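Heads up: the structure comes next, in structure tokens.
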There are 2 protein chains.
Amino acid sequence: MPPSTTNVAPAAEDFEVELGVLNELIGFRFRRIHNHLSRGFNELAPEAKPGTFSALALIGANPGVSQTTLSREVGFDKATIVSILDGLERLGWAERRRSPSDRRRHALYITREGQKALDRLHDHARRNEAPIRQALTEEEQTQFFRILDKMYAACFPG
Amino acid sequence: MPPSTTNVAPAAEDFEVELGVLNELIGFRFRRIHNHLSRGFNELAPEAKPGTFSALALIGANPGVSQTTLSREVGFDKATIVSILDGLERLGWAERRRSPSDRRRHALYITREGQKALDRLHDHARRNEAPIRQALTEEEQTQFFRILDKMYAACFPG
DNA sequence: TATTGTTATACTCTATAACTATA
DNA sequence: TATAGTTATAGAGTATAACAATA
């Protein structure tokens, strides 16, 4: 919108918008930032569907992990995990092996190619978050993650 | 799973899962908590589609606000805002009036019923977040929101 | 020519339910 | 009987593009 050339008061939407009760709600405050991060990451790494990066990282950090555990940690339904795994195998980034101890289970492993991809995606994620992290001091970052620990623990008591 | 009756070492997924690189990523840490909050809120208030509560709160706090401004603040496409507004009008919670100063715009207003609904939804949201907030000291809550301010500001420099 | 809001549409994301094979 | 994974399907959620009215 061009600068106003009249003396008419600007419309309400030219003012700073009041957040009202949303200002104090964790959910709203999270969503705005999370949306922004998701979009940024998706632009940097369009080949990775949501959940793909998380799943790959968890497989990398927990060789032999099962799909059910992945489902719990990533926060997606087990059926959704199936399609994420299909994608990871198609890309050659992870593989399913029958668990010898429980033949119902798939033991999941990251491949050499998958590790390379994970490193790349991790780098994208870091660069995507860099501006936000740099807005905080070292101490604030530490505090922040400590608070997130507490919050997540409170989500699943017991 | 029943408690193991053998001496066999538990499968990998019985151990605490390693988050690996995800542990230090804001996006992942946010998503897990945000997912949990979204689901809880949706159970408490299934009549409110995502964005409905936010939109209503913003209209209440900014009488006469436009759909475009709403779109920017809620973080949804303007076409998505149209359907949210349709819903709000159908419920009798908000109304569109032609802006007299710019007849392209709709000036949005909350209704008396809408204000009641907003209070109710706000209460749901507070109760939904209560366990998480109570995990933090007063000081931590203050720090946390201050840090969120900084982070959001860093999302949209300028 | 640019902007507000609308429509139509399609695509992405995610969950539910029913199934299989194992336990 | 219960659990791990799969399939098929449907439903949410969201965006894109073309459009009309207005600036």
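Per chain, numbering begins at 1; letters A, B, ... match sequence-line order. If you're wondering where the values come from, they're calculated on a predicted model, not measured in any experiment.
In this structure, B:Glu16 and A:Asn62 approach most closely via the heavy-atom pair O-OD1, 4.5 Å.
Applying the side-chain hydrogen bond (donor to acceptor under 3.5 Å, both in side chains) rule to B:Arg146 yields the partners A:Glu140; only residues at least two apart in sequence or on another chain are considered.
Here the P atom of nucleotide D:dT22 and the CD atom of B:Gln67 are 15 Å apart, to the nearest Å. A:Leu85 has its CG atom 15 Å from the P atom of D:dA4, to the nearest Å. Counting to the nearest Å, the P atom of C:dG5 and the CD atom of B:Glu89 are 12 Å from each other. The CZ atom of A:Arg72 sits 10 Å away from the P atom of D:dA4 (whole-angstrom rounding). Atom-to-atom, CG of B:Asp86 to P of D:dG13 comes out at 15 Å; the value is rounded to the nearest Å. Note: CG (A:Leu108) to P (D:dA4) measures 13 Å, nearest angstrom. If you take CZ of B:Arg96 and C1' of C:dT4, they are 12 Å apart, rounded to a whole angstrom.
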Detail all sub-3.5 Å separations between protein N/O atoms and N/O atoms belonging to nucleotides 21-23 of chain C.
from, atom 1, to, atom 2, distance (Å)
C:dA23, OP1, A:Arg103, N, 2.9

With the criterion being N/O to N/O and under 3.5 Å, what pairs connect the protein with nucleotides 10-15 of chain C, and how long is each?
from, atom 1, to, atom 2, distance (Å)
C:dA15, OP1, B:Arg39, NH2, 2.6
C:dA15, OP2, A:Asp77, N, 2.8

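How far CD of B:Gln143 is from CD1 of A:Ile147: 5.5 Å, rounded to the nearest 0.5 Å.
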(request) Decide side-chain contact (heavy atoms from CB on, under 4.5 Å) for B:Arg133 and B:Gln141; before the verdict, give the C-alpha distance in whole Å, the side-chain angles of both, and the deciding distance to 0.1 Å. (result) CA-CA 7 Å; B:Arg133 293 190 82 111; B:Gln141 293 185 34; 3.1 Å; yes
(request) Would you check, one step at a time, whether the test side chain to side chain donor-acceptor pair (under 3.5 Å) holds for A:Arg105 with A:Gln67? (result) CA-CA 8 Å; A:Arg105 293 190 178 185; A:Gln67 293 182 198; over 6 Å; no
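Between B:Phe144 and A:Phe30, the ring-plane angle classifies as tilted under the 30° and 60° cut-offs.
Hydrophobic cluster membership is shared by A:Leu148 and A:Leu37, with clusters built from Ile, Leu, Val, Met, Phe, Trp and Tyr side chains linked at under 4.5 angstrom. Linking ILVMFWY residues whenever their side-chain heavy atoms come closer than 4.5 Å, directly or via other members, leaves A:Ile132 and A:Leu44 in distinct clusters.
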